[in-house]
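See below for the structure under consideration.
Atoms within a ligand are numbered from 1 in the order they appear, just like the ligands themselves. Computed over heavy atoms, backbone and side chain alike; hydrogens, waters and symmetry mates excluded.
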Amino acid sequence: MKDESGADAVVIGGGIVGCMAARYLVEAGRRVTILERSAIAAGSSAGNAGILAFPEIVPIPSPGITWKAPGWLLDPLGPLTIRPGYAARLAPWFWHFWRASSKRNFERGLTVQAALMRLAAAEFEAVRKDERLAAFVVNTGTLDLYDSEKSFLAAAPDWERKRAAGFDFHRVGRREIETLQPGLASRFEHAIYSDDGLQVADPAGFTRALAESLQEDGATIAIGEAVAIEPTEAGACIRLADGGTMDARTVVVACGAWSKRLAKSLGETVPLDTERGYNTTLPASAFPLRRQLYFNDHSFVVTPLSSGIRVGGAVEFGGLDLPANFKRADMLLRLAKRFMPGLETEGGERWMGFRPSMPDCLPVIDRSKAAPNVLYAFGHGHLGLTQSAATGRLIAELAAQQKPSVNLEHLRFDRFSGR
Ligand SMILES: Cc1cc2nc3c(=O)[nH]c(=O)nc-3n(C[C@H](O)[C@H](O)[C@H](O)COP(=O)(O)OP(=O)(O)OC[C@H]3O[C@@H](n4cnc5c(N)ncnc54)[C@H](O)[C@@H]3O)c2cc1C
């Protein structure tokens, strides 16, 4: 492939993070090409749950979490699995995860995530004013359900942290739960409801509409696979799988779970892994679903989308190459049927996606040291859609050498290197 785009900024990766980075670069007056190896929204941005989870500021690595993991792993319907043979490869990632769960690091992660989410909410609000995208964003409200008073009370400190960060919600009991979402199992007597819960009604369609809006605004999309990046005097050179090259003044690496390989080509090691997630999208007629439901004791969500009802979540560690194990999706559907007894589970479409996950559950938004014109925007884990617009803003600020809207110190790519 020969570069004929004449771009001065190339964003590698056509997922939601890459497309949002491209949007803010276009807004800043840059000539942008998105380089995507297969199609826009080919990765995790296609099939996610669509939730704009701005209140999710509490980092997953938290004090005591590592003691819960063995129980989850032993439970066949549990929220966590590790594919046989992958555990050893995961050891360094888990080491960093364990360190991130110390009280001190947890508190710091909370502060960093809260600042990023404030920016995320503000930037998404600005993006949804674009009339080409507005219809995708809907306000359904969020119902967070707990199996018992005990688990509800155990989660109370996290809700207090969210309240302290400015998010609004209230506790609801059985009667209000039944009004907010009829048809749930009687076990659900304790929940939190937020009227503010936003979501994207069609995550894949939203990403594609965003890419189309960028083309209208002058950006181009090139299909090709980047295999390496090299610094040049004027910026950076991208080497492509077909033997071609692309030169650009600024290069943004936004390849989701696949970003590590390109960082490595610059000699930069990042402990990025993937938390694989599964879901099933059922026909809209499967259940009279009114809003997003979080089944918090089981780590899965059910969301009403324009394409139907999506039931999914959980985490499987198995890297990028092993085939999907759709028993995980079936397992979530069985749980959903138990909790929503009227749910029709036939006729669904199953999907697996690769969450790009850093051990501290914070993204990498940074500048390469080996090639200062290469910017990193990956590792958003469970929250990439939610944080996409904020990441776009921050990448454009880095590209323009401006002071970033949030402190990026704890989002450095080398934050685990001990330096
Ligand atoms: C089951 C599940 C549910 C989720 N639910 C939510 C949710 O409700 N809310 C939320 O905020 N987040 C959610 N997420 C997380 C979210 O989907 C991800 O964080 C986000 O999609 C990551 O976006 P991305 O653009 O970084 O990566 P991706 O969407 O994976 O995009 C990366 C792109 O880069 C391309 N690419 C890779 N390598 C190369 C290369 N070498 N050259 C060129 N192109 C390349 C790929 O083809 C792909 O299109 C969920 C994830 C899963 C799996």
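- Not a single heavy atom of A257 sits less than 4.0 Å from an atom of ligand 1.
- Looking at ligand 1, you won't find any N or O of G277 less than 3.5 Å from one of its N or O atoms.
- At least one donor-acceptor pair closer than 3.5 Å links the side chain of T207 to the backbone N or O of P203.
- Each of the following atoms of ligand 1 lies closer than 4.0 Å to a heavy atom of W258: 30 (O), 37 (C), 38 (N).
- Aromatic ring orientation, Y193 versus H170: perpendicular (interplanar angle above 60°, classes split at 30° and 60°).
- Nearest protein heavy-atom contact of atom 41 (N) of ligand 1 is A226 O, 2.8 Å.
- Nearest heavy atom pair, residue I65 against residue S101, reads CG2-CB, 4.1 Å.
- In terms of N/O distances under 3.5 Å, ligand 1 is not approached by G47.
- Taking 4.0 Å as the cut-off between side-chain N and carboxylate O, R132 and D217 count as a salt-bridged pair.
- At least one donor-acceptor pair closer than 3.5 Å links the side chain of Y278 to the backbone N or O of N325.
- Protein heavy atom nearest atom 33 (C) of ligand 1, with residue, atom name and distance: E36 OE1, 3.6 Å.
- The shortest contact between atom 34 (O) of ligand 1 and any protein heavy atom is with G13 CA, 3.4 Å.
- The contact set between ligand 1 and T386, taken as ligand atoms under 4.0 Å from a residue heavy atom, comprises 9 (N), 10 (C), 11 (O).
- Looking from atom 8 (O) of ligand 1 to the surrounding protein, the closest heavy atom is I51 N, 2.9 Å.
- When every heavy atom of V406 is checked against every heavy atom of A115, the shortest pair comes out as CG1-O, 3.7 Å.
- R412 and D366 are not joined by a salt bridge, as no carboxylate oxygen comes within less than 4.0 angstrom of a charged side-chain nitrogen.
- With L35 as the fixed residue, the side-chain contact (heavy atoms from CB on, under 4.5 Å) test singles out one of L240, I223, V252: L240.
- Using a 4.0 Å cut-off to heavy atoms of G50, the atoms of ligand 1 that qualify are 7 (C), 8 (O).
- In terms of protein heavy-atom proximity, atom 39 (C) of ligand 1 is closest to C255 SG, 3.6 Å.
- Both tests pass for R163 against the ring of F169: distance under 6.0 Å to the centre and angle within 45° of the axis.
- If you look at L35 next to ligand 1, the close heavy atoms, those under 4.0 Å, all belong to the backbone.
- The closest heavy-atom contact to atom 22 (C) of ligand 1, among the options P356, P203, A41, P363, comes from P356.
- Aromatic ring centres of F416 and H96: separated by under 6.0 Å.
- Protein heavy atom at the shortest distance from atom 27 (O) of ligand 1 is G256 CA, 3.4 Å.
- Among protein heavy atoms, the minimum distance from atom 2 (C) of ligand 1 is reached at R355 NH2, 3.9 Å.
- Judged by distance alone, with hydrogens and angles left aside, the side-chain atoms of R171 form no donor-acceptor pair with the main-chain N or O of I192 at under 3.5 Å.
- Not a single heavy atom of A241 lies less than 4.0 angstrom from ligand 1.
- Counting atoms of ligand 1 from 1 in the listed order, those under 4.0 Å from a heavy atom of A49 are 3 (C), 4 (C), 5 (N), 6 (C), 8 (O).
- Between N48 and ligand 1, an N or O atom pair is found at a separation short of 3.5 Å.
- Taking only nitrogen or oxygen atoms, main chain and side chain alike, S45 reaches within less than 3.5 Å of ligand 1.
- Ring orientation note: the planes of F94 and F97 are nearly perpendicular, at an angle over 60° on the 30°/60° scale.
- The ligand atoms of ligand 1 that sit less than 4.0 angstrom from a heavy atom of I12 are 42 (N), 43 (C).
- Salt bridge D273/K260: absent, no basic N to carboxylate O contact under 4.0 Å.
- P59 and G109 make their closest contact through CG-C, 3.6 Å (heavy atoms, listed as atom of the first residue, atom of the second, distance).
- In the vicinity of I16, heavy-atom distances shorter than 4.0 Å reach the ligand 1 atoms 23 (O), 25 (O).
- When only interatomic distances are considered, the shortest N/O to N/O separation between R37 and ligand 1 falls below 3.5 Å.
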Stepwise, does the side-chain contact (heavy atoms from CB on, under 4.5 Å) test hold for Y24 with E397? CA-CA 9 Å; Y24 281 80; E397 289 169 348; over 6 Å; no

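- The distance from ligand 1 to the heavy atoms of A42 drops below 4.0 Å at these ligand atoms: 47 (O), 49 (O).
- Of the N or O atoms in S44, one or more lie within a sub-3.5 Å distance of an N or O in ligand 1.
- Side-chain contact check for Q181 and E176: no donor-acceptor pair (N or O, by modelled atom type) lies under 3.5 Å.
- Only the backbone of H382 comes within 4.0 Å of ligand 1, counting heavy atoms alone; no side-chain atom from C-beta on gets that close.
- Of the protein's non-hydrogen atoms, G15 CA, 3.5 Å is the one closest to atom 31 (O) of ligand 1.
- In this structure, G381 has a heavy atom closer than 4.0 Å to ligand 1.
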